[in-house]
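Numbered from 1 within each chain, the chains take letters A, B, ... in sequence-line order.
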Amino acid sequence: MLKRTHMCGELRSDHVGQTVTLAGWVNTYRDQGKGLIFIDLRDRDGLTQVVFNLRDVDEAAVNEARSLRREDVVAVQGLVRTRVGGANPRLATGTIEVAADKLEVLGKAETPPILPDEHEAEKIAEEKRLQYRYIDLRRPRMQKMLRTRHEVMQVTRRFFASHGFLEVETPLLIKTTPEGARDFIVPSRLYAGKWYALPQSPQIFKQILMLSGCDRYMQICKCLRDEDPRADRQAEFTQIDLEMSFVTRDDVLAIMSEFITTLWSEILGVDVGEIPVLGYAEALDRYGTDKPDLRFGLELAEISPLAARTEFKIFRDALSKPQGVVKAIRVPAAAGTLTRKKIDGYERLAREAGAGGLATVKYTATGYETGIAKFLEPIADELAAQLALEAGDMVFFAADTRAVALRVLGELRVALGRDLGLIEDAFRCLWVVDFPMFSYNDERGRWESEHHPFVMPREDQIQRLQSDPGGCISSSYDFVINGSECGSGSIRIHRTHIQKKVFEILGLTPQETQLKFGFLLEAFKYGAPPHGGIAFGLDRLIMQLTGVTNIRDVIAFPKTQTGADLMTGAPGPADSEHLKELSVRVHLPKRQIPEPETREPKP
RNA sequence: GGGGCGGUAGCUCAAUUGGAUAGAGUACCGGACUGUCGAUCCGGUGGUUGCGGGUUCGAGUCCCGUCCGCCUCGCCA
């Protein structure tokens, strides 16, 4: 076999005169007839033009080159020389070419079902790209993604190692934990009828590591949650998981801010600047969400006191509800640009978000026009002053319970920012802190953890666990970048009596607590340091760093929305022998679930 | 589980109100061409219109069911 001497993106004018050997895939071929054939050879590094010329090589080699087709794998030996036909400025190697004298076909390709062309990739059905992932991954952009992902992992390990973190692996086959997402479970062969769970996160193990004196832990680990995927969510995903002993919240935020700054600097050469900290309540009030996109303004305004002075029934009805509010969003200079159709779309969006409708008004030099203009007369000047209105602005109103109004305007804000082109090309990070400890689930009639059951209340809030669980503020924090939640953590409970109290609020009986978390409570008894940490969503960080909106594009081998792997055909059936060993019997529901189709390439 | 969009040649798409032999680009096959570079030019092969049923003289098109993919709500401590 011809041994490779260089990569396909490597050769420059400096190499002219050298005899080299390249190996890779035939990206394109251009047969000029008689005895002149060009091959663009591709590997993960780039493209190099190889030329077969009857004037330089024997006829057998030219004939073999003539039979080359796209995606054939070949090795080529030849002389690097300046291009006879002029440079190609679109290629990094565009000034040179390799004049082949030896060709070895290492892997002849059948006609490929899809081609790894960047200009085609956007059009090819994702189903096909997933089915033939090995071809799709040959695209430069996908190679770039794999490389970026690799670099992020390298930077991460280097950063945390240099800050005293130990990389420790935690088990995949673990005990199922109640609450949280649905677990994937694995039958135990040695304990008939018993099951392992796959981890939703290494949460308990990393806390145990703190009790074990590990002091600082990190791991890049797979987490599995059996819930329906979304554009930014897979059942199987990767976390950068971290935990530190003897720290306060601000200690964690400081070092994690430094990590993010380092990451963006090393991967993109971008300075993300000081990362601001925003309270949960303030984030909701100003942006209608706990993961605000700070790349544009359009902040929400609270106008309940003014709204109360109008005769508008929608406003008055909303304000008479418990937690009723009227909130407004000023859209600068939108009166001329927002079409009727767009505004109708926003009204539909508002209804889908739970609102009864969406009140609108235009502000002009002569006052309010259209929509609910007439109702605003009693508060005309004060409203204009509070919202700092200028002629040409529009205002959207949401009047409902606080939760609904915030959700409606929060979603509207994002849609407006996008539609009006207000989103700046930048990375805007922030920490959101001071989340509530619990939220009340009306359906289930009980308190649930806002984050998870091991989150410590903020130090000044501990007594509220007893008196006012709903008002109790936690020590947790979320990392948000450009409106995407990419990390989440907290200071943990390390005192048994507080942990027991939290379990009690969550409705676990002492017996259940003992059964499910007895080992953890026991562990706390024998010397537990205060500790806290965070987990970053690696996939989401890579999405931000590579500018893609689909999590499947940053995972080498992702699954579909129904949890299938279109390349391998997983999930598949287990044979009955195997099931018998595991003491598992399959009991299909009445409506049979068909096997996922295995996608064998046609012969 | 709900809502929305989509599925026609290997790939990307078209096909009028239900009407004749389902077309185009590209890939592939054959031919021409010694400086191309998303090569070009000429010719050709290629179809279970996702699958099953129904309505009709006639279905890619209409109806019912079902499968697959994407977006989304629920869900995601």
Given B/U36, B/U72, B/C68, the nucleotide with the shortest approach to the side chain of A/Glu127: B/C68
Distance-only donor-acceptor test (3.5 Å): side chain A/Gln49, base B/U36: yes
Distance-only donor-acceptor test (3.5 Å): side chain A/Gln131, base B/G69: no
A/Ile124 CD1 - B/U26 P separation (whole Å): 16 Å
A/Asp434: partners by side-chain contact (heavy atoms from CB on, under 4.5 Å), with sequence neighbours left out: A/Arg249, A/Arg458, A/Ile473
Sugar-phosphate, base or nothing in reach of A/Glu120, heavy atoms under 4.0 Å: base
d(CG, A/Leu349; P, B/U72) in whole Å: 13 Å
Aromatic centroids of A/Phe517 and A/Phe454 separated by under 6.0 Å: yes
Non-hydrogen side-chain atoms of A/Pro457 and A/Arg464 separated by less than 4.5 Å: no
Interatomic distance, A/Glu227 CD vs B/C76 C1' [rounded to whole Å]: 5 Å
Phosphate OP1/OP2 of B/A39: any A/Arg30 side-chain N/O under 4.0 Å: yes
base_contact_polar (B/C76 base, A/Arg233 side chain, donor-acceptor, <3.5 Å): yes
Nucleotide of B/C37, B/U34, B/C71 approaching A/Arg55 most closely (side-chain heavy atoms): B/U34
Candidate nucleotides B/C76, B/U72, B/G35, ranked by approach to the side chain of A/Asn53 - the nearest: B/G35
A/Glu126/A/Arg129 ion pair, N-O < 4.0 Å: no
Residue A/Lys123, side-chain atoms from C-beta onward, closest of B/U12, B/G69, B/U36: B/U12
Side chain of A/Thr111 (C-beta onward), nearest among B/U72, B/U34, B/A27: B/A27
Under 3.5 Å donor-acceptor pair, A/Arg83 side-chain atoms to B/C37 base atoms: yes
Closest nucleotide among B/C71, B/C33, B/G10 to the A/Pro113 side chain: B/G10
Minimum-distance nucleotide (side-chain atoms of A/Glu97 versus B/C11, B/C70, B/U36): B/U36
Integer-rounded Å distance: B/C33 P and A/Tyr29 OH: 17 Å
Which nucleotide in B/C70, B/U12, B/U34 has an atom nearest any side-chain atom of A/Leu36: B/U34
Length of the line joining A/Ile39:CD1 and B/A39:C1', which is rounded to integer Å: 13 Å
Counter-base of B/G10, judged by Watson-Crick or G-U geometry with both distances under 3.5 Å: B/U26
Within-4.5 Å side-chain heavy-atom neighbours: A/Met210 and A/Pro530: no
First encountered from the 5' end of RNA chain B, between A/Arg66 and A/Arg69: A/Arg69
B/C68 OP1/OP2 closer than 4.0 Å to side-chain N/O of A/Thr560: no
Partner nucleotide of B/U61 by Watson-Crick or wobble geometry (both distances under 3.5 Å): none
No-H, no-angle donor-acceptor pair, A/Arg230 side chain to B/G74 base, under 3.5 Å: yes
Nearest-neighbour nucleotide for the A/Arg90 side chain, B/C37, B/C33, B/C11 considered: B/C37
Spacing of A/Gln234 atom CD relative to B/G69 atom C1', expressed in whole Å: 14 Å
Whole-Å C1' distance, B/U55 and B/C62: 8 Å
Which atom of A/Phe52 lies closest to which atom of A/Ala100, heavy atoms considered: CE2-CB, 3.4 Å
5' precedence on RNA chain B between A/Phe38 and A/Asp31 (nearest-nucleotide basis): A/Phe38
Who pairs with B/G69 - Watson-Crick or G-U, where each distance is under 3.5 Å: B/C5
Euclidean distance for C1', B/A27 against B/G44 (whole angstrom): 14 Å
Identity of whatever pairs with B/U36 - Watson-Crick or G-U, under 3.5 angstrom: none
Spacing of A/Arg348 atom CZ relative to B/G4 atom P, expressed in whole Å: 13 Å
Between B/G2 and B/U45 - C1' atom distance, rounded Å: 47 Å
Atom-to-atom span, CZ of A/Arg81 to P of B/G35 - whole angstrom: 13 Å
Closest contact, heavy atoms only, A/Ala398 versus A/Leu409: CB-CG, 3.6 Å
Heavy-atom check, side chain of A/Arg540 versus side chain of A/Arg233, under 4.5 Å: yes
